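Below is one structure, written out as structure tokens; the observations come after it.
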Amino acid sequence: MELTIQLESETRRVELFGMADKNLRAIRSAFDVQITAREHNIMIAGEKEQVEKAADVIDHMQKRLLKRGLLTDIDVEEMISQTKSHIEPEITGQAITVYSNKGIVEPYTKGQLEYIETMLKNDLTFCIGPAGTGKTYLAVAVAVSMLKKKQIRKIVLARPAVEAGEKLGFLPGDIAAKVNPYLRPLFDSMEDMMEFSQMRKFMEMDVIEIIPLAFMRGRTLNEACIICDEAQNTSPAQMLMFLTRMGRGSKMIITGDVTQVDLARGELPGLIDAMTTLRGIDGIGNVELSKADIVRHKLVQNIVQAYDNKHKRES
């Protein structure tokens with residue numbers, strides 16, 4: 001098979017190819033393909049699957065250059081590694097389609113694939129795992145996909161405003177300004193699923209809500225996908241309050257990293273309490289992602305491992 005890719009920026013050719021074409025050579029070696037550059041085009045030849053993977057890497061490289069104006073050796077290595085280990089979705093006919101230009105979100109690891117399948121199968125899913133495993137990102141993708149398919153009418157993203165020992169009262173501004181930093185990761189995930197103008201429109205129409213967890217008290221949410229992020233920072237009482245917001249036709253996804261608890265020392269996280277209390281009930285899924293599912297910078301995996309080793313030595 002032979003595939004031709006058009007260069008999006010002729011002026012960034014050297015940065016894209018790398019010094020002495022080292023980026024292209026890395027792609028050739030990783031996927032066993034032939035790559036030829038002529039004028040504004042890159043030609044890739046080889047086995048169909050490998051050609052498509054090589055093309056995917058080059059596409060990501062071009063987008064990174066256009067978006068950030070910089071492409072490092074580590075960026076290229078990370079893109080190659082993620083593409084080589086990419087797991088094709090086996091989601092029983094249900095693709096994770098979103099509103100963005102890329103159109104679809106797919107799992108990169110077996111753990112992520114299990115996570116997606118569990119969310120689609122169950123009305124309530126708990127997911128724990130270290131930073132960088134896609135817990136929040138994939139939950140938001142499933143919610144957006146359900147909204148696009150009209151399986152739900154509303155998305156609610158909630159997060160406890162408790163982090164790193166800081167108190168909201170010490171932050172400047174009104175309540176919106178105080179809680180916005182805590183909700184920023186949810187905004188970031190949502191912005192990757194749709195254009196900002198569309199997200200803002202949905203928020204104005206109350207189709208999408210991104211709120212602190214405390215704002216959910218007293219509500220019943222029907223035909224909604226409700227996500228609680230950073231749930232390791234909830235108390236058992238807060239978690240019970242959140243769980244009982246589920247109405248008819250709704251799906252709930254609860255994520256957290258039990259190694260990053262910011263509650264007072266000795267306080268039991270609501271996430272752990274709920275997973276223990278509700279284990280074995282039909283319709284509730286539990287997924288535990290591991291270091292092998294980390295898809296951020298490769299150093300994140302090494303950092304998580306180093307801290308795990310430290311905790312084992314101290315225990």
Side-chain angles (χ1 to χ4, degrees), residues 1-117 132-134 137-138 141 145 192-193 289-302:
M1 174 183 177
E2 185 172 301
L3 186 65
T4 299
I5 299 176
Q6 187 172 7
L7 292 176
E8 296 182 13
S9 176
E10 179 66 22
T11 59
R12 313 304 288 270
R13 183 186 180 105
V14 174
E15 293 159 277
L16 181 68
F17 292 1
M19 294 297 294
D21 292 348
K22 64 180 177 181
N23 292 344
L24 296 187
R25 285 189 280 109
I27 296 171
R28 286 191 193 107
S29 175
F31 301 106
D32 192 24
V33 294
Q34 297 297 317
I35 302 179
T36 307
R38 293 177 183 169
E39 297 180 349
H40 304 293
N41 296 319
I42 299 175
M43 279 73 74
I44 310 172
E47 294 185 6
K48 182 177 184 293
E49 183 179 357
Q50 300 305 309
V51 167
E52 290 174 348
K53 287 184 176 182
D56 190 46
V57 171
I58 293 173
D59 180 56
H60 285 305
M61 288 165 60
Q62 293 203 91
K63 287 178 179 177
R64 179 69 59 87
L65 259 179
L66 290 173
K67 184 176 182 179
R68 299 187 183 177
L70 179 68
L71 184 68
T72 67
D73 293 348
I74 293 176
D75 289 335
V76 176
E77 184 180 333
E78 179 183 342
M79 292 173 189
I80 290 174
S81 176
Q82 290 186 6
T83 302
K84 286 185 71 174
S85 62
H86 183 69
I87 305 295
E88 289 300 323
E90 300 170 7
I91 311 172
T92 61
Q94 299 193 59
I96 307 303
T97 54
V98 293
Y99 289 92
S100 70
N101 291 333
K102 62 184 173 185
I104 187 169
V105 172
E106 298 175 319
Y108 276 96
T109 69
K110 290 182 179 179
Q112 289 188 343
L113 177 59
E114 178 191 355
Y115 180 32
I116 290 174
E117 290 176 333
T133 50
Y137 188 83
L138 292 175
S145 178
D192 204 39
M193 307 294 167
L289 299 176
S290 69
K291 294 183 290 291
D293 299 303
I294 293 174
V295 293
R296 287 184 186 166
H297 192 293
K298 67 174 185 177
L299 281 178
V300 174
Q301 212 170 69
N302 296 335

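Quick note: numbers below take in every heavy atom, side chains included, and nothing from hydrogens, waters or symmetry partners. If you're wondering where the values come from, they're calculated on a predicted model, not measured in any experiment.
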*Provide the closest heavy-atom pair for T4 versus M43 in the form atom of the first, atom of the second, distance.*
OG1-CG, 3.6 Å
_Gap separating the CD atom of E15 from the CG atom of N23, nearest 0.5 angstrom_ = 10.5 Å
*asked:* I need the D59 CG to M79 CE distance, nearest 0.5 Å.
replied: 9.5 Å
*Side-chain heavy atoms of I27 within contact of I44, under 4.5 Å*: no
*With a 4.0 Å cut-off, would you call E52 and K48 a salt bridge?*
yes
*Over all heavy atoms of both residues, which pair between F31 and Q50 is shortest? Give the atoms and the distance, please.*
O-CB, 3.2 Å
*asked:* As an exercise, state the distance from CD1 of I58 to CD1 of I80, rounded to the nearest 0.5 Å.
replied: 9.5 Å
*Kindly give the heavy-atom pair with the smallest separation between S290 and T133, and that separation in Å.*
O-CG2, 3.4 Å
*asked:* Could you report the tightest heavy-atom contact between I35 and R28, atom names first, then the distance?
replied: O-NH2, 2.9 Å
*Report the distance from atom CG of D56 to atom CE of M61, rounding to the nearest 0.5 Å.*
11.5 Å
_I need the minimum non-hydrogen distance between G134 and Y115, along with the two atoms involved._
O-CE2, 3.9 Å
_Set of salt bridge (Lys or Arg N to Asp or Glu O under 4.0 Å) partners for E47, sequence neighbours left out_ = none
*Could you give the distance from CG (N41) to OG1 (T36), rounded to the nearest 0.5 Å?*
11.5 Å
*Please name the pair of heavy atoms, one in V51 and one in A45, separated by the smallest distance, quoted to 0.1 Å.*
CG2-C, 3.6 Å
*Assess whether salt bridge (Lys or Arg N to Asp or Glu O under 4.0 Å) is satisfied between K53 and E49, documenting all intermediate values.*
CA-CA 6 Å; K53 287 184 176 182; E49 183 179 357; 3.6 Å; yes
_Please determine whether side chain to side chain contact (heavy atoms under 4.5 Å, CB included) holds for the pair L289 and T109, giving the CA-CA distance in whole Å, both sets of side-chain angles, and the decisive distance to 0.1 Å._
CA-CA 10 Å; L289 299 176; T109 69; 5.6 Å; no
